[in-house]
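The structure appears right after this line, and notes come after that.
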Amino acid sequence: MTDMHVSGAVRYIGVDDTTIDLFESQYPVPNGVSYNSYIILDEKVAVMDTVDRRGAAAWLENLERELAGRRPDYLVIQHLEPDHAGSIGLLAEKFPEMTLVGNAKTFQMLPRFFPGDWSSRSLTVKEGDTLSLGSHILTFVMAPMVHWPEVMVSYESSERILFSADGFGTFGALSSGQSWDKEAARYYFNIVGKYGAQVQALLKKAAGLDIQTICPLHGPVLREDLGRYIGKYDQWSNYEPEEPEAVLVAYASIHGNTAHAAGKMREILERKGCAKVVLFDLSREDQAVAVEAAFLCGKAVFMSPTYDGGLFPPMDHFMAHLRDKTWRKRRAAVIENGSWAPAAAKVMRGYLEAMKDIALCSTVHTIQGAVKDSDITAMERIADELLG
């Protein structure tokens with residue numbers, strides 16, 4: 001087990017999953033993922049969330065070791081997504097006297113995952129309610145749609161710990177030793193990013209708390225420089241780019257001509273003084289990384305061929321993902337490729353025009369097959385408009 005004890009009374013009992021290849025069956029996790037769970041040992045014992053069933057056996061061993069013969073009085077359920085709630089049934093069966101703590105939405109949804117009548121074992125809490133374990137007191141803060149409707153977080157006042165559910169989480173097993181910064185942005189924009197307004201509401205509530213430690217449900221416990229982490233969440237959830245002048249050139253190419261054009265576009269942007277250009281092949285690279293880059297950069301160029309009278313699927317998938325994650329407050333340009341009946345630009349512009357606060361460059365250019373001198377001239381104009 002990774003040694004991540006928070007304090008003498010608050011212990012880490014989570015597990016690493018280094019065998020998983022895709023988180024949520026869509027996001028590559030080459031360094032795995034951690035399922036974090038904690039236990040508070042006081043006059044009463046509270047378990048803070050469970051883990052995915054993939055890690056249930058190791059998690060139960062960790063729990064038994066920290067209990068040292070005691071039995072848990074409470075299981076606090078902050079989030080019912082199966083990667084955190086998958087072992088509720090096992091724990092409830094093992095400790096039938098244990099009370100489950102959640103909000104009204106938690107217990108409305110719980111039978112959908114664990115059929116049965118839980119009413120006799122449930123303690124329903126609402127905004128601002130407290131639970132005393134002895135010297136440790138938990139205050140419950142509702143965080144609906146960060147990123148499920150039943151989500152809440154818990155603040156322990158004696159040690160000033162925020163148990164933040166999926167907030168401030170990252171991909172990556174703890175045993176990989178990676179820093180929070182390596183995967184926090186990709187995790188945020190792809191998992192939580194759609195719900196910026198809800199994250200902002202939670203941050204406003206958290207601003208009234210004296211937080212010294214953040215215990216998320218994925219990734220490392222955060223103890224130092226908390227203002228930096230909170231500041232990033234504030235920026236990200238306001239949809240403000242970290243690098244306003246950076247440009248993402250996202251392209252999809254069938255036979256290589258659009259890829260060649262994208263490389264030329266990067267050269268043009270750099271020659272015109274753009275300090276950072278991120279070139280991304282949507283057909284071959286992890287699109288979750290491209291989504292992260294789109295949110296971190298202030299500007300983007302989308303380049304795609306026409307396919308079956310519409311948009312080439314890798315680009316279509318990417319732009320749908322940006323739409324669904326509420327990409328906004330950016331400057332964008334589109335370039336299409338079409339040997340006959342080009343239609344990609346119309347579809348790409350349709351996506352962008354439906355998004356909020358997108359400054360769309362007026363110049364739209366169609367490449368017909370291979371890149372020609374006239375295409376370079378048109379891309380120069382687009383670069384000027386994008387950077388201007």
Side-chain angles (χ1 to χ4, degrees), residues 1-41 46-68 72 75-76 78-79 81-88 90-91 147 153-154 156 159 161-192 212-226 228-229 232-233 285-286 288-289 292:
M1 183 182 79
T2 301
D3 183 8
M4 256 183 51
H5 282 4
V6 181
S7 70
V10 181
R11 313 288 181 84
Y12 177 83
I13 55 172
V15 295
D16 277 350
D17 187 348
T18 57
T19 64
I20 188 172
D21 60 338
L22 294 175
F23 185 80
E24 290 189 352
S25 295
Q26 59 179 320
Y27 303 114
V29 280
N31 291 324
V33 68
S34 68
Y35 308 123
N36 294 350
S37 173
Y38 308 87
I39 186 170
I40 303 174
L41 301 169
V47 177
M48 306 300 291
D49 294 294
T50 72
V51 301
D52 194 288
R53 286 183 64 91
R54 293 169 60 95
W59 172 72
L60 286 172
E61 289 180 7
N62 296 342
L63 172 64
E64 291 281 11
R65 179 170 55 252
E66 298 302 335
L67 285 171
L75 168 62
V76 177
Q78 298 188 118
H79 187 16
E81 198 168 7
D83 55 327
H84 308 301
S87 300
I88 288 176
L90 293 174
L91 193 67
H147 60 125
V153 301
S154 307
E156 200 293 298
E159 300 199 51
I161 299 170
L162 179 68
F163 295 93
S164 61
D166 268 341
F168 301 98
T170 74
F171 297 126
L174 297 177
S175 57
S176 71
Q178 70 179 37
S179 68
W180 183 86
D181 296 85
K182 179 176 174 58
E183 286 280 31
R186 184 169 76 105
Y187 178 88
Y188 173 83
F189 292 122
N190 287 280
I191 305 297
V192 187
Q212 297 297 313
T213 303
I214 297 176
C215 292
L217 288 180
H218 295 296
V221 168
L222 305 176
R223 294 183 176 88
E224 298 177 354
D225 200 14
L226 298 187
R228 184 172 71 86
Y229 305 123
K232 283 186 176 291
Y233 258 58
E285 300 177 74
D286 177 9
V289 178
E292 174 190 1

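For the numbers below, each heavy atom of this structure counts, side chains included, while hydrogens, waters and symmetry mates do not. Residue indices begin at 1 and follow the sequence shown.
Looking only at side-chain heavy atoms (C-beta outward), Met48 and Leu75 stay at 4.5 Å or farther from each other. You'll find the side chain of Arg11 stays beyond 4.5 Å of the side chain of Tyr38, heavy atoms only. You'll find the side chain of Leu67 reaches within 4.5 Å of the side chain of Pro72, heavy atoms only. The shortest distance between side-chain heavy atoms of Ile214 and Leu226 falls below 4.5 Å. Using a 4.5 Å cut-off on side-chain heavy atoms (C-beta onward), Val289 and Arg186 make contact. Counting heavy atoms from C-beta outward, Pro28 and Asp21 have side chains that stay 4.5 Å or more apart. By the 4.5 Å heavy-atom criterion applied to side chains, Asn190 and Phe23 are not counted as neighbours.
A side-chain donor from one of Asp166 and His79 sits under 3.5 Å from a side-chain acceptor of the other. A donor-acceptor contact under 3.5 angstrom links the side chains of Asn36 and Ser34, judged on distance only. There is no side-chain donor-acceptor pair under 3.5 Å between Trp59 and Ser87. No hydrogens or angles considered: nothing links the side chains of Thr213 and Glu159 as a donor-acceptor pair under 3.5 Å.
Ser154 and Val76 make their closest contact through OG-CG1, 3.9 Å (heavy atoms, listed as atom of the first residue, atom of the second, distance). Closest non-hydrogen pair, Pro220 versus Leu174, comes out as N-CD2, 3.6 Å. Of all heavy-atom pairs spanning Lys232 and Asp181, the tightest one is CE-OD2, 3.9 Å. For the pair Val6 and Cys215, the tightest heavy-atom approach, listed with the atom from each and the gap, is CG2-SG, 3.8 Å. The shortest heavy-atom contact between Val51 and Ser37 is CG1-CB, 4.0 Å.
Residue Ser25 holds its OG atom at 7.5 Å from CD1 of Ile20, rounded to the nearest 0.5 Å. Remark: Thr50 OG1 to Leu91 CG distance equals 7.5 Å, nearest 0.5 Å. Interatomic distance, CD1 of Ile161 versus CZ of Arg223, reported as 8.5 Å (0.5 Å rounding). Here the CD1 atom belonging to Ile13 is positioned 10.0 Å from the CZ atom belonging to Arg65, to the nearest 0.5 angstrom. For the atom pair His218 NE2 and Tyr187 OH, the distance stands at 4.0 Å (nearest 0.5 Å). Atom CG in Leu222 sits 10.0 Å away from atom CG in Leu162 (nearest 0.5 Å).
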Phe163 vs Val153, side-chain contact (heavy atoms from CB on, under 4.5 Å): CA-CA, chis, key distance, verdict: CA-CA 6 Å; Phe163 295 93; Val153 301; 6.0 Å; no
Val47 and Leu63: CA distance, side-chain angles, deciding distance, side-chain contact (heavy atoms from CB on, under 4.5 Å) verdict: CA-CA 9 Å; Val47 177; Leu63 172 64; 4.0 Å; yes
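Listed by chain and number, the residues in a ring-ring contact (aromatic ring centres under 6.0 Å, His included) with Tyr233 are Phe168, Tyr188, Trp236 (sequence neighbours excluded). For Asp225, the side chain to side chain donor-acceptor pair (under 3.5 Å) partners at least two apart in sequence or on another chain are Arg228. For the side chain to side chain donor-acceptor pair (under 3.5 Å) test, no residue two or more places apart in sequence or in another chain qualifies with Thr170. Glu285 pairs by the side chain to side chain donor-acceptor pair (under 3.5 Å) definition with nothing, not counting sequence neighbours. The side chain to side chain donor-acceptor pair (under 3.5 Å) check on Ser164 picks up nothing, with sequence neighbours excluded.
Applying the salt bridge (Lys or Arg N to Asp or Glu O under 4.0 Å) test to residues at least two apart or on different chains, the pairs with a partner in residues 47-63 are Asp17-Arg54.
In the displayed structure, Glu224 atom CD is contacted under 6.0 Å by at most 12 heavy atoms of other residues, nucleotides or ligands.
Checked against a 6.0 Å centroid threshold, the rings of Trp180 and Tyr229 count as neighbours.
Side chain of Asp16 to backbone of Ser175: a donor-acceptor contact under 3.5 angstrom is found. Side-chain N or O atoms of Gln178 include one that pairs as donor or acceptor with a backbone N or O of Phe171 at under 3.5 Å.
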